[in-house]
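Encoded as structure tokens, the structure appears first; notes follow it.
Atom set for the values below is all heavy atoms of this structure, side chains included, hydrogens, waters and symmetry mates excluded. All figures in this text were calculated on a predicted structure; none of them were measured in a lab.
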Amino acid sequence: MTPEQAAHDARGAIVSLPSRFMMDPATHARGAELGFEGFDFYAAGRGGALGDVPADVVVSAFVFFPAATVHAAWERSATVMSRRQAAQEWAACAHTWARAHLGDATDWARLSDLLGRVVSTADVAGAPLFAAWRTLAEPPRADVKALTIHRLNAVRELRGALHGAAVLTVGLTPLEAASVCAPQMIPIMGWTDAPEDPEPLRDRWQLAEARTDRMLGRHFSVLDDTERKELVEALGNAE
């Protein structure tokens, strides 16, 4: 399996599996318990890995969220706790979710090892949230489910950065991209505009996806053909 094909085939799991902890009611409850309002825990937790940066830096890294929404959440969250602590709490929610929800049929130790090789060797150029997440402490090696989701979220941040760049280089705006791939998420992400008609945008979206696969595939080349196939199969069956 080529690196580019592996990136393509693993796309669904990379995007969707870590997103489950983000959407989990327990994560939102933990955010409220810590003192965050609504979207603020997402903004502070995910963006907090970058440190105490201006809101525009977080906007630039998030790519697909409206600037006003990120600015408001970033400013409100500033007094709740330090940025680094927010990132650690966000990561802890991922770990807690993994322990509670991931099953026992997958060889999580092997999957975490394969992901770890990708994460540890990947170039951070153009991927600030990936670089920042990689500085957070990982769960112990024996905590295999938590370690897997931690490393998979790192790959998600890597792919997200590359995908954001690809979307912009094909001439799509973030709102146009969301209109094609996830129109139901547009109001949840904070957009007040209605979705665009996706049909005239679809060809450019597919081009952006192909470019993302090509760029992410470069980082999968650290694994050999057999290992890439093993990774894709494990991610496809992970639940």
Side-chain angles (χ1 to χ4, degrees), residues 1-24 63 91 94-95 97-127 129-134 136 138-167 169-170 177 180-182 202-239:
M1 176 176 286
T2 67
E4 186 172 335
Q5 187 64 48
H8 176 81
D9 291 353
R11 175 174 56 194
I14 292 170
V15 173
S16 66
L17 195 56
S19 72
R20 295 183 194 175
F21 93 82
M22 302 177 192
M23 302 296 290
D24 191 76
V63 180
H95 306 159
W97 178 88
R99 297 180 194 112
H101 293 277
L102 295 180
D104 296 323
T106 298
D107 185 347
W108 300 111
R110 176 59 174 164
L111 181 53
S112 68
D113 282 347
L114 293 171
L115 290 168
R117 288 169 58 193
V118 175
V119 170
S120 65
T121 59
D123 188 348
V124 300
L129 284 170
F130 165 69
W133 181 269
R134 204 168 64 173
L136 298 178
E138 289 189 332
R141 186 173 178 83
D143 194 358
V144 290
K145 293 178 182 179
L147 182 58
T148 297
I149 205 69
H150 189 96
R151 290 176 173 175
L152 185 58
N153 191 64
V155 176
R156 187 180 193 270
E157 291 291 16
L158 176 60
R159 186 190 187 277
L162 301 176
H163 184 59
V167 162
T169 59
V170 300
V180 177
C181 72
R202 206 170 295 281
D203 286 348
R204 277 182 287 166
W205 167 258
Q206 293 297 338
L207 177 58
E209 285 288 303
R211 289 183 177 181
T212 305
D213 290 341
R214 190 174 306 117
M215 290 187 288
L216 183 61
R218 180 178 72 244
H219 301 296
F220 282 9
S221 63
V222 68
L223 306 176
D224 64 30
D225 289 355
T226 301
E227 290 169 331
R228 287 191 290 268
K229 183 176 180 181
E230 184 182 3
L231 175 65
V232 168
E233 289 179 350
L235 285 174
N237 294 325
E239 57 181 37

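Within a 6.0 Å sphere centred on CG of Asp203, other residues, nucleotides and ligands contribute 12 heavy atoms or fewer.
A side-chain hydrogen bond (donor to acceptor under 3.5 Å, both in side chains) check over residues 112-122, counting only residues at least two apart or in different chains, returns the pairs Asp113-Arg141, Arg117-Glu227. Sorted by first then second residue, the salt bridge (Lys or Arg N to Asp or Glu O under 4.0 Å) pairs that include residues 230-239, not counting sequence neighbours, are Arg110-Glu230. Under the side-chain hydrogen bond (donor to acceptor under 3.5 Å, both in side chains) criterion, the residue pairs touching residues 98-107 are Arg99-Asp143, Asp104-Lys145, with sequence neighbours excluded.
When the salt bridge (Lys or Arg N to Asp or Glu O under 4.0 Å) test is applied to Arg156, no partner is found at least two apart in sequence or on another chain. In this structure Thr2 satisfies the side chain to side chain contact (heavy atoms under 4.5 Å, CB included) test together with Glu4, Gln5, sequence neighbours excluded. Every ring-ring contact (aromatic ring centres under 6.0 Å, His included) that His95 has, sequence neighbours left out, goes to His150. Here Arg134 pairs with nothing under the side chain to side chain donor-acceptor pair (under 3.5 Å) rule; sequence neighbours left out. For Asp24, the side chain to side chain donor-acceptor pair (under 3.5 Å) criterion is met by no residue, not counting sequence neighbours. When the side chain to side chain donor-acceptor pair (under 3.5 Å) test is applied to Asn153, no partner is found at least two apart in sequence or on another chain. Every residue meeting the side chain to side chain contact (heavy atoms under 4.5 Å, CB included) condition with Ala132, not counting sequence neighbours, appears here in chain and number order: Ala49, Leu50. In this structure, the salt bridge (Lys or Arg N to Asp or Glu O under 4.0 Å) partners of Arg159, at least two apart in sequence or on a different chain, are Glu209. Annotation: ring-ring contact (aromatic ring centres under 6.0 Å, His included) contacts of Trp205 (sequence neighbours excluded): His163.
Pairing each heavy atom of Ala161 with each of Gly126, the nearest pair is CB-O, 3.4 Å. Between Val63 and Gly164, the shortest heavy-atom distance links the atoms CG1-CA, 4.0 Å. Closest approach of Ala7 and Gly217 over heavy atoms only: CB-N, 3.7 Å. In terms of heavy-atom proximity, Arg151 sits nearest to Val119 at O-CG2, 3.6 Å. When all heavy atoms are compared, the tightest approach of Phe220 to Ala10 is CE2-CB, 4.4 Å. Counting all heavy atoms, side chain and backbone alike, Ala208 lies closest to Ala166 at O-CB, 3.5 Å.
In this structure, the separation between CG on Leu152 and CG on Leu114 is 12.0 Å, given to the nearest 0.5 Å. To the nearest 0.5 angstrom, Leu115 atom CG is 10.0 Å from Trp108 atom CH2. Interatomic distance, OG1 of Thr148 versus CG of Leu111, reported as 5.0 Å (0.5 Å rounding). Put simply, CG on Asp224 and CE on Met1 are 12.0 Å apart, with the number rounded to the nearest 0.5 Å. Here the straight-line distance linking atom CD1 of Ile149 with atom CZ of Phe21 works out to 7.5 Å at 0.5 Å rounding.
In this structure, Leu158 and Ile14 have side chains that are not in contact, with every pair of non-hydrogen atoms separated by 4.5 Å or more. No side-chain heavy atom of Arg11 sits under 4.5 Å from any side-chain heavy atom of Thr212.
Each of Val232, Asp213, Leu231 was evaluated against Asp9; a single residue qualifies, Val232, per the side-chain contact (heavy atoms from CB on, under 4.5 Å) test. Screening Val124, Asp123, Val155 for a side-chain contact (heavy atoms from CB on, under 4.5 Å) with Phe130, the sole residue that qualifies is Val124.
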